[in-house]
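One structure is given below, encoded as structure tokens.
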Amino acid sequence: MPEMNLLEAIRAGIDEMMAADERVYIIGEDVGKRGGVFRVTEGLVDKYGEMRVIDSPLAESIIVGSSIGAAMYGMRPIAEIQFADFIFPAFNQIVSEAARIRYRSNGAWDVPMVIRAPFGGGIHGALYHSQSVEAFFAHVPGLKVVVPSTPYDAKGLIKASIEDPDPVLFFEHKKLYRLIKGQVPEEDYRVPIGVADVKREGSDMTVLSYGLTLHQSLEAAEQLSAEGVEVEVVDLRTLRPLDKETILNSVRKTGKVLIAYEDNRFLGYGAELAAIISEEVFEHLDGPIMRVAGADVPAMPFSPPLEEAFMPSTEKIAAAMRELAGY
Amino acid sequence: MPEMNLLEAIRAGIDEMMAADERVYIIGEDVGKRGGVFRVTEGLVDKYGEMRVIDSPLAESIIVGSSIGAAMYGMRPIAEIQFADFIFPAFNQIVSEAARIRYRSNGAWDVPMVIRAPFGGGIHGALYHSQSVEAFFAHVPGLKVVVPSTPYDAKGLIKASIEDPDPVLFFEHKKLYRLIKGQVPEEDYRVPIGVADVKREGSDMTVLSYGLTLHQSLEAAEQLSAEGVEVEVVDLRTLRPLDKETILNSVRKTGKVLIAYEDNRFLGYGAELAAIISEEVFEHLDGPIMRVAGADVPAMPFSPPLEEAFMPSTEKIAAAMRELAGY
Amino acid sequence: MQLERDDLLKMYRLMLLARLLDERTWQLNRQGKAPFVISCQGHEAAQVGAAYALKPGKDWVVPYYRDLAVMLTIGFTPLDHMLGLLGRADDPNSGGRQMPSHYSHRKLNIVTHSSPTGSQVPHASGIGLAIKMRGDDAVVWTSFGEGTSSQGDVHEAMNLAGVYNLPVIFFCENNGYAISVPQKKQMGIENVADRAAGYGFPGVVVDGTDVIQVYEATAAAVERARRGEGPTLIEAKCLRLTAHSSDDNERTYRSPDELKAIRSQDPITRFTDYLMVEGILDEASQKRIREEVMAQINEATVMAERAPLPDPATLERHVYAEHEA
Amino acid sequence: MQLERDDLLKMYRLMLLARLLDERTWQLNRQGKAPFVISCQGHEAAQVGAAYALKPGKDWVVPYYRDLAVMLTIGFTPLDHMLGLLGRADDPNSGGRQMPSHYSHRKLNIVTHSSPTGSQVPHASGIGLAIKMRGDDAVVWTSFGEGTSSQGDVHEAMNLAGVYNLPVIFFCENNGYAISVPQKKQMGIENVADRAAGYGFPGVVVDGTDVIQVYEATAAAVERARRGEGPTLIEAKCLRLTAHSSDDNERTYRSPDELKAIRSQDPITRFTDYLMVEGILDEASQKRIREEVMAQINEATVMAERAPLPDPATLERHVYAEHEA
Ligand SMILES: Cc1ncc(C[n+]2csc(CCOP(=O)(O)OP(=O)(O)O)c2C)c(N)n1
Ligand SMILES: Cc1ncc(C[n+]2csc(CCOP(=O)(O)OP(=O)(O)O)c2C)c(N)n1
Ligand SMILES: [Mg+2]
Ligand SMILES: [Mg+2]
């Protein structure tokens, strides 16, 4: 079984789907010869040609809007937004159009497309190359939102996303692209959308996370284990539709919850997790639902001391775990 | 003290600010001769002329984007988005620009502007003339989000918003425009941004709401009172920055919380309220934090039976109150 | 294709059907039966002329809310329209979910559209791209008002079509107003069609009250697109003979003189006169067609009023694909 | 204003300063001191020519990330630039918050801009609107790349300026690439300037390697705007002499031949040759200016490297106005 990093796993998944299905194509800025600014689509234009790996004009609304049209025609577009921060010009197309076409046509039309975008910080990307944008989209019925955090999951989830009959937002933490390596089978497989994964079992508390903070949580859990506290770490993998059962079962077992995410705290994704838990398994809770999240400032600054102050980290998460363990 | 409806109160507030400050102007679709499709700006073009009540081109991004530029130049724009549903083409200008200009310039530049938009349903407006969009913006540091629910508050808040040195999203529930009447003083006054208001006192549970569901909650509270349950109803009035103290104090007193909002439940504004409460006053809670909210479908349909099925109502809220009272 | 006598009569019938059906919707609105009406009155010649140049079920149509006459020309029935107007369960557009006149018909390749103006235009370019990728013979036609041409999406869509020479016909129905905002507050130019030069394809202005002229311009654009030569922007100068919608009061911004003047340019009167002069129509045939059309409309009204409303239990259906693997 | 000998020498010095300062930033990048560099190399003539036609501190400037030479012409110092490059607390753009080359200087009327391309252009139209409302004498100048001209915001901004004849100069720096995407995949036309006709104002193409030509075109546009006659779109054909940024590898999409060919059109060489031929510059003065400029750059580098980084305790400042009533 070959070892791959996150980025290579995503590329392999896309490549296999393009080879298998002529309807699949890629559109985005610099996805062709340049292979994408992070190189996720490297080499694909040579294999599939310029009409299946399309260097789009610099305009996100048409990247998404044209993909919606093509998907309604029967194609399976993979739209790349160069950085998640640049998805906002396409917000209307995603939220008013892609998300609602099935619903508003009473099921007559569908939009089977994937929108891929690298998100997240810690790479000196400053306010506009570091953001987490998943909360905006996870709020929207009609969209699916996927965030893979390991190479195995990434390949299985990108293939499932491309096949999915509904629009999928596929967010890739850019700091994980080359950081995280893992075994990825050569055989064809899928990781289903809508299923969370317990990445580490534990009985003393539940940590819910995804993306970079998931890996920080796993590291922090090791520290806590050395201190005698066993932390269960759940990788959400899909933010919408949410796998409520896996989460609620874990909370029923541990009675304590910490939610870790990099986005701004206020109304970030973790807010909904806290709301569901405090509504549905209130009687199992042995302590407050805690959150470690990004600061409530517009976005993380460039200069290293400020960036560091913004970002969640293994240390910040471990500190919160210790506090929660005290209840 | 004259009686006014919500719409007239907003108009009066804008009118007084325009008379007092030459820098204040209005820009939006049909705001001139037509007086806005809901008539909020009726008569103002005759009073202040076409260069202070500007009928913009049909393009929301330039309505907001030009207002940002003018605000940086020293003006005080009031941008009207005809329906909140049409704010998404301006999403990038609001979230990437207006919200971040102060922060990214380290305080050198500011964007004192108001974006007004009618929101909410129950008026046969279907998917694109009924939405609640406040959660998208309440998530964004750098923005302020205001939702007035009575004529008195509306006038005081619109004046405070126009004077505010930061960008304010001002959402007006369109079903309340003519439904809700109240006394509005002629003297100059403000209702400060960031301060919630206990609209009804009670000791048995706290209801947190704003907009149409606030009025439904007040009605439901009357029903419950007849049944011997005293409900405290808090009108949030400002969603960002949130008046945490008023809310937490109420919860400390009652020990039970119901959150009512019309937006889609999942990651709607109520999620953050639940998260804050379950983190900060967990030990005061005597029961689950409950929510009554809009259905998790893309947006409310046109046909009356479907619209009604979507919308929260006095009955649905009263039913939830009864359930919560049972804990 | 050269228009034959029969074609002209068909076009006449379609224009009349659109007009009379549209008038019926206003009646139902005044009776409190239809909460919302938006009209094609004054655009019938432009719409029938354009749609008549398309192959129904083969070509793709990405319309906007004013396009009732386009729909009827492509194959929509008066009952289809009425079911949407009254929000009935069998409304083919949306099962009563969307506001009236938000068209969709999968089998006819009429693509579902929404309310935010201009957001449909990128879909048309995407369909054009897909047609080109697949090597299909279809073309895609999309429409929007002159006010909507101010939206960034319209620019982005035309730009993409220009880069790849996509088989798209952009059809701007210019009636001089976006609700109350007159064209001179919308743009610094006379003709939206002039923008096509900025995207590298032809722009044509036609008289939108002249059904034959619109047909010919559209037919030429369709042929051009089918030959693989790329898009065309057609601007049809239309009239808005009614208020913007049943929620509007146009007297706040249009003078009585103006309202009177536009009446004299009614495209239906114009075409009727032409057909009479050419001897294609006479008093008797005119009367007969009108009666047939009215009978259709009456029947559609009765059937739609009797049709059931959606079951509230269906509220949560079709958010995502059902019966997934 | 007629350009005097002194003006030409000033312009020369500014172009050289921009070039050498830019080269220094790449050195710092290679040394691992500057994580990100984006360049003005190849745009210096266009930028100095344009900015020289503005009145610093009176006119408004809404630039984009490639505009180092514009900044220096308006009054930015090399130290100002270096502080931003290294993310220092005293960076005048943002106090180290934004990426390098995201310019802002309130006192110089240089408006803060962001990374999403094109989102600054509506701000310029808004400033133009405010100037007109106030009856001020200023003009506003804004810039963007040819790739960015595909964005809807650019269309909406030019359209508004056309409706109200706003005093805005839209300056498109066309270097033929948007990162790796060549112009022919960006638009179906040769000249972005042709779009101006679609908004009702003039569009002009200039040779962006000819500083005098750019100055003259911009000066004419500025005068037109000050007279209240409205906007102009100027397209300067530039060269991108470097990779898009320090994160790019242009060899993946530009051939060695192309990279060689553009070197021969270097705007600095061109202007140097011109000044030598005209007798305005000689070997000695050239050497002296270069030494003075290098001294400035060296000093700026040293000072910036010594300057403190921001205090992490300031992370939460300036989200909202401080010390509110
Ligand atoms: C994005 C958006 N903004 C505003 C509206 C409200 N609105 C509906 S129709 C309309 C005017 C459209 O004018 P035009 O494009 O000229 O088309 P017409 O109705 O004249 O045919 C407006 C402003 C909308 N539907 N969508
Ligand atoms: C909205 C948005 N999308 C994508 C990017 C990434 N990006 C940064 S610069 C650039 C190319 C810009 O090209 P052009 O406008 O021609 O300017 P140039 O860099 O060539 O001067 C791209 C795609 C961005 N910054 N913003
Ligand atoms: Mg119109
Ligand atoms: Mg370029």
Side-chain angles (χ1 to χ4, degrees), chain B residues 27-39 42-43 45-46 50 54-63 65 81-90 92-93 123-131 264 266 294-311, chain C residues 34-36 84-89 91 93-100 102 114-119 144-155 177-188 244-245 247-250 252-254 308-319:
Chain B
I27 183 166
E29 295 151 12
D30 306 290
V31 295
K33 277 196 203 169
R34 183 80 182 80
V37 296
F38 290 101
R39 299 274 187 256
E42 191 164 36
V45 71
D46 298 327
E50 293 190 44
I54 300 177
D55 271 333
S56 73
L58 206 184
E60 285 72 14
S61 191
I62 193 66
I63 294 174
I81 301 293
Q82 197 161 84
F83 286 82
D85 316 63
F86 306 142
I87 204 167
F88 300 134
N92 185 54
Q93 284 293 339
I123 50 105
H124 312 312
L127 276 82
Y128 299 99
H129 295 79
S130 306
Q131 278 171 87
N264 307 112
F266 196 94
D296 275 324
V297 305
M300 76 186 73
F302 171 71
S303 197
L306 296 174
E307 186 186 61
E308 211 175 290
F310 179 99
M311 288 282 288
Chain C
F36 179 78
L85 182 79
L86 302 180
R88 303 293 151 153
D91 158 33
N93 304 291
S94 74
R97 290 174 169 199
Q98 290 232 69
M99 286 176 90
H102 284 54
S114 63
S115 307
T117 56
S119 55
F144 49 89
E146 87 294 343
T148 297
S149 76
S150 298
Q151 290 282 6
D153 265 9
V154 175
H155 162 77
Y177 285 95
I179 308 186
S180 72
V181 180
Q183 182 180 342
K184 70 170 198 299
K185 290 192 173 182
Q186 196 71 241
M187 63 190 83
H244 171 74
S245 75
D247 288 340
D248 185 27
N249 175 4
E250 61 182 333
T252 57
Y253 56 86
R254 279 176 120 173
L309 287 165
D311 179 349
T314 63
L315 177 73
E316 308 213 346
R317 290 199 56 190
H318 303 304
V319 178

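Here the structure is a predicted model, which is why all the values come from computation and not from measurement. To find a chain, count down the sequence lines: A is the first, B the second, and so on, and within it residues start at 1.
For the pair B/Pro298/C/Val319, a side-chain contact is recorded, criterion being any heavy-atom separation below 4.5 Å from C-beta on.
Atom-to-atom distance recorded for C/Leu85:CG and B/Phe302:CZ is 7.0 Å, nearest 0.5 angstrom. Taking OG1 from C/Thr252 and CD from B/Glu42, the interatomic distance works out to 8.5 Å, rounded to the nearest 0.5 Å. The CG atom of B/Leu306 lies 6.5 Å from the CZ atom of C/Arg97; values are rounded to the nearest 0.5 Å. Atoms OG1 and CD, from C/Thr117 and B/Glu60 in turn, are 6.0 Å apart once rounded to the nearest 0.5 Å. Within the model, atoms CZ of B/Phe88 and OG of C/Ser119 stand 12.0 Å from one another, a figure rounded to the nearest 0.5 Å. Rounding to the nearest 0.5 Å places CG of B/Asp30 at 3.5 Å from OG of C/Ser180.
Looking at C/Pro35, the atoms closer than 4.5 Å to chain B (heavy atoms on both sides) all sit in the side chain, from C-beta outward. The part of B/Glu50 that comes within reach of chain C is its side chain, from C-beta onward, which places non-hydrogen atoms under 4.5 angstrom from that chain. Using a 4.5 Å cut-off between heavy atoms, C/Asp311 contacts chain B through its backbone alone, with no side-chain atom that close. Interface residue B/Phe310: backbone and side-chain heavy atoms are both found under 4.5 Å from chain C. For a residue to count as touching a neighbouring chain, one of its non-hydrogen atoms must lie under 4.5 Å from one of that chain's; by this rule B/Val37 touches chain C with the side chain only.
Heavy-atom pairs under 4.5 Å with chain B were tallied for C/Leu86, C/Thr314, C/Asn249; the largest tally goes to C/Asn249. Between chain B and the residues C/Asp247, C/Asp153, C/Asp248, the largest count of heavy-atom pairs under 4.5 Å involves C/Asp248.
A donor-acceptor contact shorter than 3.5 Å is absent between the side chain of C/Glu316 and the backbone of B/Asp296.
Every residue was checked against the ring pair (Phe, Tyr, Trp, His ring centres under 6.0 Å) condition with C/His318, not counting sequence neighbours, and none meets it. Shown here are the salt bridge (charged side-chain N to carboxylate O under 4.0 Å, His left out) partners of C/Arg254, two or more places apart in sequence or in another chain: C/Glu250, C/Glu258.
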C/His102 vs B/Leu127, side chain to side chain contact (heavy atoms under 4.5 Å, CB included): CA-CA, chis, key distance, verdict: CA-CA 11 Å; C/His102 284 54; B/Leu127 276 82; over 6 Å; no
